[in-house]
Undergrad: 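First, the structure itself, so that you have it in front of you.
Keep in mind the model is a prediction, meaning the values are calculated, not measured. Letters A, B, ... mirror the listed sequences (proteins, then strands); counts begin at 1.
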Protein chains: 4
Amino acid sequence: MRVQEVGPAIFRRMAAIPRLTPRKEPRQDRSRALVADLLEGTRRVLVSKGYDDTVMAEIAEVTGVSVGSVYQYFPSKESLLTALHVSLLEGDVTHLADNLMEHRDTDLEGLAAVVAAVALESFHAHRDVLHALEDAAHAMGSERKLAPVRAQGVQLLTGFLESHVGYRGEEPELTAHVVQRLMSSMPRVLTECGEAELAHSRLTALVHTALLD
Amino acid sequence: MRVQEVGPAIFRRMAAIPRLTPRKEPRQDRSRALVADLLEGTRRVLVSKGYDDTVMAEIAEVTGVSVGSVYQYFPSKESLLTALHVSLLEGDVTHLADNLMEHRDTDLEGLAAVVAAVALESFHAHRDVLHALEDAAHAMGSERKLAPVRAQGVQLLTGFLESHVGYRGEEPELTAHVVQRLMSSMPRVLTECGEAELAHSRLTALVHTALLD
Amino acid sequence: MRVQEVGPAIFRRMAAIPRLTPRKEPRQDRSRALVADLLEGTRRVLVSKGYDDTVMAEIAEVTGVSVGSVYQYFPSKESLLTALHVSLLEGDVTHLADNLMEHRDTDLEGLAAVVAAVALESFHAHRDVLHALEDAAHAMGSERKLAPVRAQGVQLLTGFLESHVGYRGEEPELTAHVVQRLMSSMPRVLTECGEAELAHSRLTALVHTALLD
Amino acid sequence: MRVQEVGPAIFRRMAAIPRLTPRKEPRQDRSRALVADLLEGTRRVLVSKGYDDTVMAEIAEVTGVSVGSVYQYFPSKESLLTALHVSLLEGDVTHLADNLMEHRDTDLEGLAAVVAAVALESFHAHRDVLHALEDAAHAMGSERKLAPVRAQGVQLLTGFLESHVGYRGEEPELTAHVVQRLMSSMPRVLTECGEAELAHSRLTALVHTALLD
DNA sequence: GATGAATGAGTGTTCATTCAT
DNA sequence: GATGAATGAACACTCATTCAT
C-alpha cells in the first residue's frame, strides 16, 4: 500500500496542528510527487532493512533520485523518517475520524466494533513500517514531533466520547488514551495468534471494556 | 533497581529454554559477577543515552572494565543488549510465576487483579530500559533470541489457565498472548495519564475481559 | 565601499596585462552590471561568512540571481573569487598610480608619506575582504592569476623609482617588492595596536627606509 | 625539517599559556611519538596539497595509521591543524628567545641584525607549511587558539625592549608587534626577489627603523 | 585474563557544477 | 538568456570489533 498523499482530509475537520517543515514547501506538482515518492521509498527501505540499516543512500536509490535531492526536501534523515511517521499516523487518525462520523449514532458496543475494525485495518495497512518507525522515533528522540498527531487522535476520541449519549465514564481522556493504545498494540498479537474473526471479536471486547469506564 | 543475577529461579520450575550463549560459561564467581555488572552497566547507559547513543566503550567504562573484557563475555553488542533484555524478561516471568502460584485458588477476577498488579510492578521496575531495549531488539532484528522467553511467559499463563477451574475459554494460548500484551503495553498509558488506583482497576478490567474469552 | 567597475583607469596608462577571462565578454550594459553585482555579492558573503563558508548558492542569492546565471559569467567558483581579488588589487594599484603621479616631484621622504597614506586607505577600504580572499587564493592555488596584477603594481613602483631624482638605490625592483609588501602587511598591526597618527608615521618610516636602499 | 617535539624549552622560561588539548595527554612514549608523527604527516600533506585538499584520510595514510587513530589523539581536523600551527609558532618563539638572550648586550643595530637573521631562519625552516596553515587558521576561525602563542612572542619582545639600554621608544608593545610582523611577512619577498646577503641587510634596516620608534 | 590502542568500513551531509525547462 | 532542481563525488567523523602486549 502506498503512503498517502500529504495533507489529509482531517485538516478540514480539525484544528491545524504544527506540521513537520520540510525544507521547501512542495508547491509544484513535481515536488509534491517527489516528496511522496521519497516517503514511499523510505517506507520500502525501512521495511526491508529495519531501522539500523536504513541508509539515506539507499532511500535515494530506491526512490530513483540522488542523495542531494533527498536533502533538498528533507533537511535531515530524522526529518524524513518523522515525516513518514507523521504521515502514517495522520492517515490512521483520518481513517478513524471518518468511521466515527459515520457511526456517530451507534451504541457503545457497536462503537467498540467499529474501533476494533479500524484498528485491524490500520494494522494490516502498515504492519511492518510502523514497527520500524517506532524504533526510529525512540532512537532519535523525535517523539516531540509525533506527539501532536497522537494527541490529535486522543482529542478526536475524547470529543467523540464526551458527546456520545451512551458514554457514562468520568475520564473520557484517559479512556481515549487507553483505546488508542489498545488499537495500536493489540492487533499484532491477535492476528499473529488467531484468525481474523476471532481477532475482531476479542479486540471489540477489550475496547468495549475500556469504553465502559 | 539492580539487574537480576543471571540464572533465575524460574529455571527450577520450568523446562529449560535455549539460552543466549555468552562466549564463556561464567562458572567462577568472578565471571558471574562481571557478567552481572556488565548487564547493569548496559542498563544504565541505555537508560541515560537511549539506544542510538549506547556505545560499547561507554558500557565498558561505566562498568569499570575494558572493552576487551566486554567482548570476552559477550561476542557482540547485540548479544549484550539481548542478554540484558532476556534477563529482564525472565525476571518478569519469574515474578509473574511466583504470584500466580501464590494465588492459584483465586477466582478469575481476583486473578485479573493479580496480573494487573504484577504488570504495573514490572513496569515501574523497568520503565525506561525496556523501552530502549525494544528499540534495540527491532533495530537489530534480535527478536529471535527473545521469542523463547516470551514464549515461556505465554506457556506459563497457558498452563495456568488450562488448569484453572474458573477459566472457560477455548483458546487458552491466544488468551495468554493477549494478556501478556496487555501487561506489557497498557501500564505506560495508564500510569502516565491517570493515578495509580485508577490504573490498576482499569488494567484489571481489561485483563478480566481477556480472561473471559 | 562598493567593488569597482571592471576595467579600471590604469589600463589607459600602462601596458595591458593578461586578464581573467570570464566566460562571456561583458559587452552589454546589463552584463557589465551583473558582473559587478556578482563581485559585490561575493564580497559581502566573503566578509560575513569567511572563506570556508562562502557558498555559490548564497552568492547567487544575495546578488539576486540564480546559480545558473553566476556560472554564465564565471566558469567556476575560483574564477569568481579570483576576479574579485583581481578587481580589488587593480583598484589599489590604480589608487597608488594616481597618487604617485600627483606627487611625482616630492622628495623621497614625502613619497614615503604618500605611499603610507595610500596603504592605510586601501587597508581601510578592504580590511575584511582581502583577508578572506588571501585565504581563498592560497587554498585554491590561484596565485597565478593574481601575479600579473601584483607584478603590475611592482612595475609601477619600479618605473616610478627609476625615473625619480631622489632615488639612489641599485635594485629598484626589489625595493618595489619590499614596499608593496610593507603596504599590504603592515597596516593591520599598526591600526590594530596604535592610533591612526602613529600608524601613518611608523609606516612612513619603514617605507622610507625601504626606499633608501 | 622535522616538526618539533611537543613541549618546547620556552615553557621553562615563560608563564604557561593555554595549550591545545589533544584528546589524550601523550604520556607514554608511543603516544608522544605518534602525536609527533601525526604533526609531521599533517605538515607533509599540507605542503604538498594545500589547505583545501588536505584531507584527514591522507594525513592518516602518510602517517601510516588509520583515520580512527588520528581521532584518538585529535578530536577534530581543526585541532590537528591548529596543534601543528601552535607547535611551529612556539618553535619560532623559542628560537627568538634563545637568540635574544644570547645577545642581550648588543646595541640596537646589532639586535636588528639578530632579529632579521632569526626571521630568515624561521622562514626557511617553514616556508610552505606556514602559508598553508595561515589559510587554514583563517578559514577555520581558529585564531583564538593561536593568539596566545603570538601574544607570547610579542611579550617576549616587549619585555626585552623595556629592559634594553639602547631602546628609547615610548610604545614598546606596538614596536614589538611591528617587529613580529616584519619578521613574518618580509622574508618571503626578500628571498624570492634578491640574494641572501641582500635579504638580511634589508630586513635588518627595516627592523632597525622599527626599533628606533 | 585483561587491556585499550588501532582499525577501517560506513554514515549523514554538503556544495560546486550541470542541464532540462 | 535565465532558472533552480538535480547530481554525486567528497569529507569529517564514529564505533563495533580485533589483537599485540
Undergrad: Measuring from B:K77:NZ to B:I59:CD1, what's the distance to the nearest 0.5 Å?
TA: 7.0 Å
Undergrad: Would you kindly give the OH-to-P distance between D:Y71 and E:dG8, to the nearest whole Å?
TA: 16 Å
Undergrad: Grab the CG-P distance between C:D37 and F:dA2 for me, whole Å please.
TA: 12 Å
Undergrad: Establish, with yes or no, whether the OP1 or OP2 oxygen of E:dT3 is under 4.0 angstrom from a side-chain nitrogen or oxygen of B:S69.
TA: yes
Undergrad: Give, ordered by number, those residues of residues 54-68 of chain B having at least one heavy-atom distance below 4.0 Å to an atom of DNA chain F; if nothing qualifies, reply none.
TA: B:T54, B:V55, B:M56, B:V67
Undergrad: Could you state the CE-C1' distance from D:M140 to F:dC11, rounded to the nearest angstrom?
TA: 15 Å
Undergrad: Rounding to a whole Å, what distance do you find between D:D53:CG and E:dA16:C1'?
TA: 14 Å
Undergrad: Who is the Watson-Crick or G-U wobble partner of E:dA5, with both distances under 3.5 Å?
TA: F:dT18
Undergrad: In whole angstrom, give the distance that lies between atom NZ of A:K77 and atom C1' of E:dG12.
TA: 8 Å
Undergrad: Can you tell me how far C1' of F:dA12 sits from CZ of D:F74, to the nearest Å?
TA: 16 Å
Undergrad: Any non-hydrogen side-chain atom of C:M140 less than 4.5 Å from a side-chain atom of C:T82?
TA: yes
Undergrad: Can you list the steps and then say if D:D37 with D:V65 is a side chain to side chain contact (heavy atoms under 4.5 Å, CB included)?
TA: CA-CA 10 Å; D:D37 287 355; D:V65 298; over 6 Å; no
Undergrad: Atom CG of B:D52 and atom P of E:dG10: how far apart are they, to the nearest Å?
TA: 18 Å
Undergrad: Rounded to whole Å, how long is the line connecting atom OH of C:Y73 with atom P of F:dT3?
TA: 10 Å
Undergrad: So which of A:V35, A:L39, A:T54 actually passes side-chain contact (heavy atoms from CB on, under 4.5 Å) with A:L80?
TA: A:L39
